[in-house]
Amino acid sequence: MSGPAAGTAHAATTTDVVCLGESMVTFLPSQPGRLADVPSFGRGIGGAESNVACALAAAGHRAAWVGRVGADGFGDHLVETIAGYGVDTSAVRRDPDRPTGIYFRTATDRGTGAHEVAYYRAGSAASAMSPANVPYEELFAGRILHLSGITAALSADCLALLRELTAPRPGRPLVSFDVNHRPRLWRDGDAGVLLELARRCDLVFVGEDEAEEAWGIVGAEAIRAALPEPSVVVVKRGSAGATVFASGPRPGPRSSNAGGADSAAGGAEAGERAAQAAGRDTVTVVPALHVDVVAAVGAGDAFAAGFLSATLRGLPVRDRVRHGHLMAAAVLTVPGDLTEPPARDHADRLVALDDGAWGRLRLGPGWTAADRAHEEVRTP
C-alpha cells in the first residue's frame, strides 16, 4: 500500500467524504453548434467524483479528492482549481509518463442526439490507477468513501482497484457508489460489472434509464430486487423525482456528529425505524423540483453531493432527497458543472416546506442567492 506524498500533512481523522476518480480539463464552447463550427472554448474542469468533492466542500463539509493527473500544466490546473473549492488534494498523485485527460463538449443537453463530446483520455494518468499505487490510508480515512462506475471503465487496473475498494473489510467506511453508466466507455467492455460493484456498496445512486440501458432492468422495484445488499438504493427517475429504498439499521456514516437532527424528524422517522426493525425496506418517493434549466451537465453529481451532505447530518431520507434535488437545481441553473450551493439555512427552509409548497416551487438562474424575503414559490 502506498502512503501519502512525502512532506504532506494529512488530517485523516477529520475528513467527512473521500472521493476517488478521474478529473479532466473541460473545454466549454463559446456558442451553440457542432464542435466543427465552434470557434473557441473556455476552460473548466470536469469529473464526477471531483464534482461531488467540490460541491461538498462548498457546502461546508471536509472533502478530499484522490486521483492521478499528469505532471503537466493541465494537471496543475486541475489540482489548483479543485483545491480552490476547499477540497483536500494532498493525496493526488502525479504521473510523469502519462498526460492529464481533457475533453471538449457542445452546449446542447447530454441527453439529446445533437450533443457531442470529444474525449482525449485514453492512456491518461488516471487510467493507470491500480491497487498497487493508490494511498489506501487516505481512501479509508473518511466517514464516507464515494466512488463511481466511470472509474471502472477506464482500464482493467481501475476495475481491479474498484473491486478492491468495495470488498468487505473491517473498519470500512460507508461506501457510496454512483453507477454513472457512460455507454461510450463500455463499447469494448461489459457494463454488467457495474451491477457487481454496486451490490458490494452501502449506498447506491442509479438512474432508471441507465439501469435499463446497462442491465436491461426496468423500474425502481426491479432495480431494488437486483440490488438487495446495499442499505440504501437511490433510484433517480428524471423529472419524476427519486425513489429511495432503505433497509436495516438506519443508514449513516460512522462517527456521525448529527446531534439532535434525528430527534427532530418526528413521526416519519418513527415509521422508518419500525419498518426497518421488522426487516422491511422503507420506500420514500420524493418529487423533483420545477427548474428553469440552463445546462444539464453535472446535475447527477450535485444530487449525490446534496444527498451525502444530508446523510452526514443525519437527516431523514425525504430530506436527504430534497437536499439532493436542491443541489442539482443549483447546477442546472448555471452553464457549468459546478456552482456555489444555496446557504445551508436557505436550503433547510426549502426542504422543510410542506408537500404542496414543494410541488409549487420553481427555481431559475440566481435562485441560490435568494434570502427569505425574496424566495419565490409559484405554480409552474
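Note that the coordinates shown come from a computational prediction; the quantities given were computed from them, not determined experimentally. Below, each value reflects all heavy atoms present in this structure, side chains not excepted, and no hydrogens, waters or symmetry copies.
- The shortest side-chain heavy-atom distance between E164 and Y136 falls under the 4.5 Å cut-off.
- The salt bridge (charged side-chain N to carboxylate O under 4.0 Å, His left out) test applied to R94 returns D76, not counting sequence neighbours.
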Verdict with supporting geometry, R322 and D355, salt bridge (charged side-chain N to carboxylate O under 4.0 Å, His left out):
CA-CA 11 Å; R322 284 191 172 188; D355 290 346; 3.1 Å; yes
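- The list of salt bridge (Lys or Arg N to Asp or Glu O under 4.0 Å) pairs with a residue in residues 147-157, not counting sequence neighbours, is empty.
- Counting only residues at least two apart or in different chains, ring pair (Phe, Tyr, Trp, His ring centres under 6.0 Å) contacts with residues 318-338 comprise F303-H325.
- Between V38 and Q31, the closest heavy-atom pair is CG2-O, 3.7 Å.
- Contact of the E49 side chain with the T151 side chain is registered, since non-hydrogen atoms from C-beta on lie closer than 4.5 Å.
- Partners of D37 by salt bridge (charged side-chain N to carboxylate O under 4.0 Å, His left out), not counting sequence neighbours, listed by chain and number: R34.
- Residues forming a side-chain contact (heavy atoms from CB on, under 4.5 Å) with P168 (at least two apart in sequence, or on another chain): none.
- Side-chain N/O atoms of T106 and E116 include no donor and acceptor closer than 3.5 Å.
- At a threshold of 4.0 Å, the pair D292-R362 counts as salt-bridged, since one of the basic side-chain nitrogens sits closer than that to a carboxylate oxygen.
- Under the 3.5 Å distance criterion, the side-chain polar atoms of R320 are matched with a main-chain donor or acceptor of L315.
- Checked for salt-bridge contact, D16 and R313 miss the test: no charged N lies under 4.0 Å from a carboxylate O.
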In sequence, state the C-alpha distance, the side-chain angles, and the governing distance for T100 and D72, and then conclude on side chain to side chain donor-acceptor pair (under 3.5 Å).
CA-CA 7 Å; T100 302; D72 51 32; 2.8 Å; yes
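- Between L326 and L350 the shortest side-chain heavy-atom distance falls below 4.5 Å.
- Under the rule for a side-chain contact (heavy atoms from CB on, under 4.5 Å), the partners of V17 that lie at least two apart in sequence or sit in another chain are C19, L56, I144, H146, L312.
- For the salt bridge (Lys or Arg N to Asp or Glu O under 4.0 Å) condition, the pairs that include at least one residue of residues 211-224, sequence neighbours left out, are R224-D281.
- With respect to the salt-bridge test (charged N to carboxylate O, under 4.0 angstrom), the residues D202 and R143 do not qualify.
- Taking the ring centroids of F205 and F307, they lie under the 6.0 Å cut-off.
- A donor and an acceptor atom, one from each side chain of S247 and S231, are nowhere located under 3.5 Å apart.
- When atom types are taken as modelled, the side chain of R105 and the backbone of Y119 share no donor-acceptor pair closer than 3.5 angstrom.
- Among residues at least two apart or in separate chains, ring pair (Phe, Tyr, Trp, His ring centres under 6.0 Å) pairs with a member in residues 34-54 are F41-F104.
- Going from atom CG of N180 over to atom OG of S148 covers 4.0 Å, rounded to the nearest 0.5 Å.
- Residue pairs meeting the side chain to side chain donor-acceptor pair (under 3.5 Å) criterion with at least one partner in residues 186-201, sequence neighbours excluded, are R163-E196, T166-R200, R199-E229.
- Inter-residue side-chain proximity for V293 and T333 is flagged as unmet; no heavy-atom pair is nearer than 4.5 Å.
- Residues passing the salt bridge (charged side-chain N to carboxylate O under 4.0 Å, His left out) test with R43, sequence neighbours excluded: none.
- Looking at S30, its side chain does come within 3.5 Å of a backbone N or O of S40 through a donor-acceptor pair.
- Remark: D319 engages no residue in a salt bridge (charged side-chain N to carboxylate O under 4.0 Å, His left out) (not counting sequence neighbours).
- Between V87 and R62, every side-chain heavy-atom pair lies at or beyond the 4.5 Å cut-off.
- Every residue meeting the side-chain contact (heavy atoms from CB on, under 4.5 Å) condition with S124, not counting sequence neighbours, appears here in chain and number order: E22, A126, S127.
- In the hydrophobic clustering of ILVMFWY residues, with side-chain heavy atoms under 4.5 Å counting as a link, V69 and Y120 come out together.
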